Amino acid sequence: MTVRLRYAPSPTGHLHIGGARTALFNYLYAKHMGGDFILRIEDTDLERNIDRAADEFAKNLGWLGIVWDEGPDVGGKFGPYISTERLSIYEHYVEVLKEKGLAYHCYCSEEEIAAERDAAMAKGEVPRYSGHCRHLTATQISEYEAMGRKPVVRFLAANDQELRFHDLIRGELVFEPSGLGGDFVIVKSNGIPTYNFACTIDDHLMEITHVVRGEEHISNTPRQLLLYQALGWEPPHFGHVSLILGPNGKKLSKRDESIVQFVEQYRDMGYLPEALFNYLALLGWSPGGEQEFFNKDELIAAFTLDRVHKSGAFFDAARLSWMNSHYLKQQDAANLLPLVQPLLTDDQVQGLSNEWLTEWISLYQEKISQLDELPQMGASFFVEIPKLDEEANSMLNQETAQQVVKSFHEQVKNTALWTEEHIKPIFKTVQSETGKKGKDLFMPIRAAVMGSLHGPDLHRSLILLGQARVLTRLESVIK
RNA sequence: GGCCCCAUGGUCAAGCGGUUAAGACACCGCCCUUUCACGGCGGAAUCAGGGGUUCGAAUCCCCUUGGGGUCACCA
């Protein structure tokens, strides 16, 4: 039997790194086992649904390199893959449960339930639905209806045995039935099923074999187990992945601004999908060896659930950054060009060929850890005369530096060709003319031409700049 | 608070009863280099505490402590 896993986000925001990692683990395991990976949208919270969010999830998941075999856009034989398009399916199973006497209408208002809960809490007891509406008479029901109350449907959780399941990551997990909170809601008063219900129905009908999800779902599992039991279904295997922690040591909150946590933001900053993919795979999972860099196929080959960590992991932005700089170095500058172009203004790229820009990228490629550092770092190439920074300025105020610059200027002016082979001898000549070498030779020229003592390879920079512009820049600092 | 989960350096982590407790990021030195970076070499830094079990415990068990998750008509 082939393995089937799914990622089932609710379209209430952007894809964040925690969700992306959960999707990634599901994907990697499905592919490792030669099975299917399914994307399903759980949009049962009508109020919080955000337009286009589902498309964004798909877009960003796709960007990361996660591909699904079935989903809202690609279809599949277990569709539809969006909860709100499956309402009639859920209705059917509500009827099934009602016929078995395991589901009933509850007319208690949210206020009444809240009052019960608060009372229980005040007494230090576990909140638990009282079962008030379990056995309503026909008259009571019509009274409630006459009052205009809209019922929810509750599942009759009469279970009094402990619930247990073998978690793929954590091992045997056991729950006391008293902690469940009594009969829980499976259909909200607006007629839409709750997560626990929809999820159970969908996972079963879609023949999901392994449910790998965040640790925050551990406590939902016993309720879902009850549902599987009531429906006479075999539950899938469950595995709960630990949380990704923010700087405060708590579960990442989407509202926490201290950390960049949406996939799209990383894309915009110039992170490569391979780097994020690689980093996320290694967060909370380890193949055990010393290898750090893995491509997708290697990860698929290596990924197993039993090596997923039980403890939470801090999101280490510095490590991601390091990993991205590695992937950036690996790339051909030409491949980076389309990613860099959107980061440059029309003004900057005016009249510049792709070849020129590619060379410009390759000049800085190994110095950056994200692509959006490039425009700033390489800005001096886009202006006629760069502004001298403090260090460069004070260097050029020195008489010895002026000598070097003047001599260099003279040579540049008189050279006919402007290639690496012609530039090298120029430095030789300046060296013998001024008696300067090493730093004393190169730094004044770098300062004069680039406006800074730090920067990429000087020879290549000069060539890219072009003879005319180099001359202009030299003249601008000669006193 | 109830229930549940977790615990190796600052961070990611290897380790599954016998190791000088890997490796990486970050950090600090040094080297390479016309600068910055890259790279190379080196350094500092970890088994939360206490009990057991065992000839032997980072590894197994218990307790404590600490952290986290969850207690919705959100997922």
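All values derive from a computational prediction rather than experimental measurement. In the text below, chain A, chain B and the rest are named by the order of the sequence lines, each starting its count at 1.
The shortest distance between the side-chain N/O atoms of His326(A) and the OP1/OP2 oxygens of A37(B) is not below 4.0 Å. Between Arg117(A) and A72(B), a side-chain N or O to OP1/OP2 separation shorter than 4.0 Å is present. For U35(B), the OP1/OP2 oxygens have no side-chain nitrogen or oxygen of Ser452(A) closer than 4.0 Å. A sub-4.0 Å separation between OP1 or OP2 of G69(B) and a side-chain N or O of Lys251(A) is absent. Not one side-chain nitrogen or oxygen of Lys188(A) sits closer than 4.0 Å to the OP1 or OP2 atom of A72(B). In this structure, Lys310(A) does not reach the G68(B) phosphate: none of its side-chain N or O atoms is under 4.0 Å from OP1 or OP2.
Using a 4.0 Å heavy-atom criterion, one finds that Gly284(A) contacts the sugar-phosphate atoms exclusively. Within the nucleic acid shown, Ile218(A) comes within 4.0 Å of sugar-phosphate atoms alone, with no base atom in reach, counting heavy atoms only. In this structure, Leu173(A) reaches the sugar-phosphate backbone alone: every heavy-atom distance under 4.0 Å involves primed, P, OP1 or OP2 atoms, never a base. Val152(A) comes within 4.0 angstrom of a nucleotide base, judged by non-hydrogen atoms across all strands. At a threshold of 4.0 angstrom between heavy atoms, the contacts of Ser189(A) include nucleobase atoms, whether or not backbone atoms are also involved. No contact: Leu180(A) has no heavy atom under 4.0 Å from any strand. Residue Lys150(A) is out of contact with every strand shown, counting any heavy-atom pair closer than 4.0 Å. Residue His309(A) is classed as a sugar-phosphate contact, given heavy-atom separations below 4.0 Å to backbone atoms only. Backbone-only engagement by Asp45(A) is indicated by non-hydrogen atom pairs under 4.0 Å involving sugar-phosphate atoms exclusively.
Checked by atom type, the side-chain pair Gln370(A)/Ser321(A) shows no donor-acceptor distance below 3.5 Å. Between the side chains of Glu145(A) and Tyr107(A), at least one donor N or O lies within less than 3.5 Å of an accepting N or O. Residues Arg86(A) and Thr44(A) bring no donor and acceptor atom of their side chains to less than 3.5 Å of each other. Judged purely by distance below 3.5 Å, without hydrogens or angles, the side chains of Tyr195(A) and Asp45(A) never pair a donor atom with an acceptor atom.
Phe57(A) has its ring centre no less than 6.0 Å from the ring centre of His16(A). Between Tyr271(A) and Tyr327(A), the distance separating the two ring centers is not shorter than 6.0 angstrom.
In a base pair of the Watson-Crick type (N1 to N3 plus N6-O4 or O6-N4) or a G-U wobble (N1-O2 and O6-N3), with each distance short of 3.5 Å, G9(B) is matched with no nucleotide. Base pairing annotation: G39(B) forms a Watson-Crick or G-U wobble pair with C31(B), both donor-acceptor distances under 3.5 Å. As the counterpart of A22(B), no nucleotide is assigned, since no Watson-Crick or G-U wobble pattern has both distances under 3.5 Å. Applying the Watson-Crick and G-U wobble criteria (two distances, each under 3.5 Å), A75(B) pairs with nothing in any strand.
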Check: protein-nucleotides 1-3 of chain B nitrogen or oxygen pairs below 3.5 Å:
none

Polar atoms only, N or O, under 3.5 Å: list the protein pairs with nucleotides 15-17 of chain B and their distances.
from, atom 1, to, atom 2, distance (Å)
G15(B), OP1, Arg307(A), NH1, 3.2
G15(B), OP1, Arg307(A), NH2, 3.3
G15(B), OP2, Arg307(A), NH2, 3.4

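The two residues Asn196(A) and Arg223(A) make their nearest non-hydrogen contact at OD1-CD, 4.3 Å. Shown here for Leu39(A) and Leu61(A), the closest heavy-atom pair between the two residues is CD1-CD2, 4.0 Å.
Checked by atom type and distance alone, the side chain of Gln365(A) pairs as donor or acceptor with a backbone atom of Leu328(A) at under 3.5 Å.
When the P atom is compared between C41(B) and C25(B), the two are found 11 Å apart, to the nearest whole Å. Distance check on atom C1': U54(B) versus A13(B) gives 29 Å, rounded to whole Å. Taking atom C1' in both C74(B) and G17(B), one finds a spacing of 46 Å when rounded to whole Å.
Atom-to-atom, CG of Leu282(A) to P of C25(B) comes out at 13 Å; the value is rounded to the nearest Å. In this structure, Phe294(A) places its CZ atom 13 Å from C1' of C12(B), rounding to the nearest Å. The CZ atom of Arg21(A) sits 12 Å away from the C1' atom of C12(B) (whole-angstrom rounding). In this structure, the NE2 atom of His105(A) is 14 Å from the C1' atom of C73(B), given to the nearest Å. Atom-to-atom, CG of Leu441(A) to C1' of U35(B) comes out at 13 Å; the value is rounded to the nearest Å. Going from atom CD of Glu290(A) over to atom P of C25(B) covers 12 Å, rounded to whole Å. Atom C1' of nucleotide A13(B) and atom OH of Tyr279(A) are separated by 11 Å, given to the nearest angstrom. The interatomic distance linking Asn196(A) (CG) with C73(B) (C1') rounds to 12 Å, in whole Å.
Judged by the 6.0 Å distance and 45° axis criteria, Arg154(A) is not positioned over the aromatic ring of Phe184(A).
C25(B) has no stacking from Trp322(A) on its base ring, since the centres under 5.5 angstrom apart and planes within 30 degrees of parallel are not both found.
Using a cutoff of 4.0 Å between basic side-chain nitrogens and carboxylate oxygens, Arg319(A) and Asp316(A) are not scored as salt-bridged. A salt bridge is defined here as a Lys NZ or Arg NE, NH1 or NH2 lying under 4.0 Å from an Asp or Glu carboxylate O, and Arg117(A) with Glu112(A) fails to meet this definition.
Each of Glu216(A) and Pro456(A) was assigned the nucleotide of RNA chain B with the nearest heavy atom; the assignment lying further toward the 5' end belongs to Pro456(A). Looking at which nucleotide of RNA chain B each of Arg170(A) and Glu42(A) is closest to, the 5′-most match is held by Arg170(A).
Considering only the side chain of Ser286(A), A13(B) comes nearest among A13(B), C6(B), U35(B). The Leu243(A) side chain lies nearest to G69(B) when the options are G23(B), G69(B), C73(B).
The base of A75(B) sits within donor-acceptor range of the side chain of Asn220(A), with an N or O pair under 3.5 Å. The base of A26(B) is not paired with the side chain of Arg319(A) by any donor and acceptor separated by under 3.5 Å.
Evaluated for a side chain to side chain contact (heavy atoms under 4.5 Å, CB included) with Tyr27(A), the options Tyr7(A), Phe303(A), Phe277(A), Trp68(A) yield exactly one hit, Phe277(A).
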